[in-house]
Every structure is written in structure tokens, then in C-alpha cells.
Visitor: 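Quick one: the structure is below, questions incoming.
We number each residue from 1, following the sequence as shown.
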Amino acid sequence: MNLTLRTIPDNEARTLVAGVSDIAYSEEFCALQKKRYGMHSEFAGVYENDALRAVIPVNYIPGEKAFSVHKDYTRPHVVSGGAIDWQEAARALKDAYGVRYAELNVAGGAAGKSPLSAFVLTLPDGKTHDDIMGGYDKKTRNEVRKANKFNFILQTGGAEMLDAFWGLYRVNMKRHGTPPRSRPFFDELFGYYDGKCRIIGAFDGDTLAGANLFLMHNAYLRLALNVSDVAYWEKCVNDLLYDAMIAAYYAQGIRFFDFGPSLNKDVSHNRFKLGFGAQQIPIVTYAAGSRWHAVRKWAANKRHALRIRLRRTLQKP
């Protein structure tokens, strides 16, 4: 296989990816990558012997590094043919952009070693809510029904729900020993995505028991955050939130519900997602660059994990 990459002119690229259901192909995502990370964003074609095989987003810093998606993952938009050698595509990305390091984080590529997976529920047209629930695991169906008995008040909105959401989010991050994102981080998210960024919350009176924050593009929904009050776990508030989100946005044309990435070793969390009928899709990293870059990335990941463990230890009574 002889793969090359070439930048696709913006007008042509936007036509090619107009119907792609993945947030990495949205104008909002590209603009936010520039704002947060100083990354230029465009689309590149993966060619085999001059035949277009796939289109991928590219976030890059000239002369330094290039990614399919920086600090995220995507399912490449395959245009034609069968399997693609994504390791060769990563080398082609490095050569095409003249950078020292290139990285593709691919969900649904060839099998490979990976600590992470995405969990995606794909639904066809013409389903009723009962049909959708029929695809849930029996335990999940029972927990959704149990949650409905507690008369939670479901509310969906945008930035006006951030005060309640951010308060519960900070409590959750403290429990996990993870540094919380700042409030401006979320304000910025809603500012860029506007109506494509939503929150669905379950209230017990004036108390927010749990909430999902998610992003949308075309027929795709990505769950960015799920937060909940531990006191309401026995009432299955998270099952209720997932089911309500699926029901409401399936009715609005969403067909791909991406519940976000999880570590493969996080068995209980993954079992919860799989209970809604999601498919587990490995997220495989294909990198091209010097050994120094690989070691540097490995060390950064280790430092991040160590900081989280230390915070958790210090928070224990």
C-alpha cells in the first residue's frame, strides 16, 4: 500500500465532510482547537496511488507536530476501499506537514494495543423508545424503570444551566482527585458550540441530582461529561440521564450516541455503557517521530497519573 496525504482546499473539504457525523469535522471544533491550543486546523485526504481513500481532520503547529485530532479521537471518514494502514498514514502525515512528530488517534481502525476504547450506540431510523430500550441489557432496563419511580424533574438547556452543573462537577472532580476545569472553560465551550452544546439534568426539587453535558454535530452526539450526586446513585439517576438523553435526541435526528472514552480496565464503568447497547471500539494511537518524542509523551502521561494518585491520597481522611 502506497499512502500519501495532501491538504484538501477548504471549500472542497467542507463539501466532502458536510454530512459526516463526528464533532471533529465541525467548524466549531476546529475553531476551539485554535483558541485553546494554538493549532491550525484543516482537512487532509489519505490517497492510495492518487485515489482518495479517506478524509481526516488535521490539527497542527507548523514545523513541530501534527495530529488527526489534538487531545481527542475521531473515526476517519473513509471514502472508498477496504482497510487502511493507519501506521503508514501517520508516517505520511509527518512527511506531508514537515513536522517532527505526527499522531493519529483512530477509533475503529485496525486492532492494536490500546488502553482506551470509545463506546458508541448506533441506532437505525424508525425506532420507538420501547424498541430502543429493548436493546438495553435487562439490568439497565430495570434500573431505568426504577429511576422513573422517583419522579425526578428532567430539564434540558444550555449555558443557563451552567451554575448548577459546574457546582456538581467540582464535587465530582474532588471525589475523583482530578483537577477541575475552570468555569471559563465551560463558558467558552458554550460560546463556540452554542445550540450544539447542551445539558440534561435530573432535579430533586431544587437539587441537581445528576447531569449530562454533550456536544452534537449532524447525526452524532458526544457525551462530554456525566456528573451525579452520590446520594442519588441508589435511585439510578445516571441510568435515567442516559435513557432520557437517548430518547430526546433520537427524536431530533441523532443516530450515533458516543458515550465517550474509558480505560479498558475500568470494567464497572464500561459495563454501564455497554448496558445501553453501545459497541466498544478501541482507540488506537499511530505515531511517527523520534524516540525522544515517544519517551516525552510517556513521561508526561506518567506524571499526570502520579499527580492524580497523590491528590487522591491526600484527600483520604
Visitor: Is the NZ or CZ atom of Arg145 both under 6.0 Å from the centre of the six-membered ring of Tyr136 and within 45° of that ring's axis?
Guide: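 Judged by the rule (NZ or CZ under 6.0 Å from the ring centre, within 45° of its axis), Arg145 is not positioned above Tyr136.
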Visitor: Within the 4.5 Å heavy-atom criterion, are Val79 and Leu16 side-chain neighbours or not?
Guide: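 They are not in contact (no side-chain heavy atoms under 4.5 Å apart), so the answer is no.
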Visitor: Any sub-3.5 Å donor-acceptor pair from Lys273's side-chain atoms to Phe259's backbone N or O?
Guide: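 Here the side-chain-to-backbone pair exists.
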Visitor: For the backbone of Ile200 and the side chain of Asn212, can you confirm whether one donor and one acceptor N or O come within less than 3.5 Å of each other?
Guide: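 Absent.
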Visitor: Any donor-acceptor pair under 3.5 Å linking the side-chain atoms of Thr7 with those of Glu42?
Guide: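 Yes, because at least one side-chain N or O of Glu42 sits under 3.5 Å from a partner of the opposite role on Thr7.
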Visitor: Same cluster for Met161 and Leu241 if Ile/Leu/Val/Met/Phe/Trp/Tyr side chains link at under 4.5 Å?
Guide: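 No, Met161 does not connect to Leu241 through the hydrophobic network.
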Visitor: Please examine the side chains of Leu225 and Phe165, heavy atoms only from C-beta on, and report whether any two atoms are closer than 4.5 Å.
Guide: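 Answer yes - side chains close enough.
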Visitor: Measure the shortest side-chain to side-chain distance between Asp72 and Phe29 over non-hydrogen atoms and say whether it is less than 4.5 angstrom.
Guide: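 The answer is yes, as the side chains (C-beta and beyond) meet within the 4.5 Å cut-off.
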Visitor: Does Gln33 use its side chain to pair, donor to acceptor, with the backbone of His70 at less than 3.5 Å?
Guide: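 Yes, Gln33 side chain to His70 backbone: donor-acceptor pair under 3.5 Å.
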Visitor: Under 3.5 Å, is there a donor-acceptor pair between the side chain of Asp85 and the main chain of Gln87?
Guide: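 Side chain of Asp85 to backbone of Gln87, a donor-acceptor pair under 3.5 Å: yes, one is there.
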Visitor: Checking Arg255 against Tyr250: charged group under 6.0 Å from the ring centre and within 45 degrees of the axis?
Guide: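 Yes, Arg255 sits over the ring of Tyr250.
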Visitor: So do Arg170 and Val227 actually touch side chain to side chain, heavy atoms under 4.5 Å?
Guide: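 No, their side chains stay 4.5 Å or more apart.
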Visitor: Is the positively charged end of Arg6 above the ring of Tyr47, judged by distance under 6.0 angstrom from the centroid and angle within 45° of the axis?
Guide: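 Yes.
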Visitor: Considering only heavy atoms from C-beta outward, does the side chain of Ile23 approach that of Tyr220 to under 4.5 Å?
Guide: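 They are in side-chain contact.
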Visitor: Would you kindly confirm whether Phe276 and Leu123 end up in one hydrophobic cluster when ILVMFWY residues are joined by side chain heavy atoms under 4.5 Å apart?
Guide: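 Yes.
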Visitor: Report yes or no: is the cationic atom of Arg36 (NZ for Lys, CZ for Arg) under 6.0 Å from the centre of the six-membered ring of Phe185, at an angle within 45° of the ring normal?
Guide: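 Yes, Arg36 and Phe185 form such a contact.
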Visitor: Is the gap between the ring centers of Phe272 and Tyr242 under 6.0 Å?
Guide: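 So the answer is yes for these two rings.
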Visitor: Without hydrogens or angle criteria, can the side chains of Tyr232 and Asp204 be said to hold a donor-acceptor pair below 3.5 Å?
Guide: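 Indeed, the side chains of Tyr232 and Asp204 share at least one donor-acceptor pair under 3.5 Å.
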Visitor: Can you check whether Glu103's main-chain N or O pairs, donor with acceptor, with Thr285's side chain at less than 3.5 Å?
Guide: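 Checked: no pair found.
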Visitor: Determine whether a donor-acceptor pair (N or O, by modelled atom type, separation under 3.5 Å) exists between the side chain of Asn218 and the backbone of Asp22.
Guide: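 No; judged by distance alone, with no hydrogens or angles, the pair does not exist.
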Visitor: Is the distance between the ring centroids of Tyr169 and Phe186 less than 6.0 Å?
Guide: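 Yes: the rings meet the under 6.0 Å criterion.
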Visitor: Might you confirm whether atom CD of Glu27 has over 12 heavy atoms from other residues, nucleotides or ligands at distances under 6.0 Å?
Guide: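 Result for CD/Glu27: open.
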Visitor: Any donor-acceptor pair under 3.5 Å linking the side chain of Glu143 with the backbone of Asp239?
Guide: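 Judged by distance alone, no pair lies under 3.5 Å.
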Visitor: Is Leu52 linked to Val20 within one hydrophobic cluster, defined over Ile, Leu, Val, Met, Phe, Trp and Tyr using a side-chain heavy-atom separation of less than 4.5 Å?
Guide: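 Yes: a chain of side-chain contacts under 4.5 Å links Leu52 to Val20.
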Visitor: Taking C-beta and beyond as the side chain, do Leu263 and Leu116 meet within less than 4.5 Å on heavy atoms?
Guide: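 In contact.
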Visitor: Do the side chain of Asn264 and the main chain of Ser114 share a donor and acceptor less than 3.5 angstrom apart?
Guide: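 Yes, because the side chain of Asn264 sits within donor-acceptor range (under 3.5 Å) of the backbone of Ser114.
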Visitor: State plainly whether one hydrophobic cluster holds both Leu213 and Leu221, where clusters connect Ile, Leu, Val, Met, Phe, Trp and Tyr through side-chain heavy atoms under 4.5 angstrom apart.
Guide: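 Different hydrophobic clusters.
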Visitor: So, Trp233 side chain and Asn238 main chain: donor-acceptor pair closer than 3.5 Å or not?
Guide: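 Such a contact is absent between Trp233 side chain and Asn238 backbone.
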Visitor: Between Tyr25 and Ile8, is there shared hydrophobic-cluster membership here, with clusters defined by ILVMFWY side-chain heavy atoms closer than 4.5 Å?
Guide: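 Linked, Tyr25 and Ile8 end up in one cluster.
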Visitor: For the CD atom on Glu160, are there more than 12 heavy atoms of other groups (residues, nucleotides or ligands in this structure) within a distance under 6.0 Å?
Guide: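 Counting other residues, nucleotides and ligands, CD of Glu160 exceeds 12 neighbours.
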Visitor: In this structure, are over 12 heavy atoms from other groups packed under 6.0 Å from Asp206 atom CG?
Guide: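 For Asp206, atom CG is not crowded (no more than 12 foreign heavy atoms under 6.0 Å).
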Visitor: Could you give me the CA-CA distance, side-chain angles and deciding distance for Arg183 and Asp163, then say whether salt bridge (charged side-chain N to carboxylate O under 4.0 Å, His left out) is met?
Guide: CA-CA 9 Å; Arg183 174 59 188 266; Asp163 285 341; 2.6 Å; yes
Visitor: Would you mind reporting whether Ile84 and Pro76 have side-chain heavy atoms less than 4.5 Å apart?
Guide: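 No. Closest side-chain heavy atoms not under 4.5 Å.
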Visitor: Has Asn148 got a side-chain atom pairing as donor or acceptor with Leu240's backbone, closer than 3.5 angstrom?
Guide: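 The answer is no, because no donor-acceptor pair under 3.5 Å joins these two groups.
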Visitor: Do the side chains of Leu215 and Leu189 get nearer than 4.5 Å, heavy atoms only?
Guide: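 Answer yes - side chains close enough.
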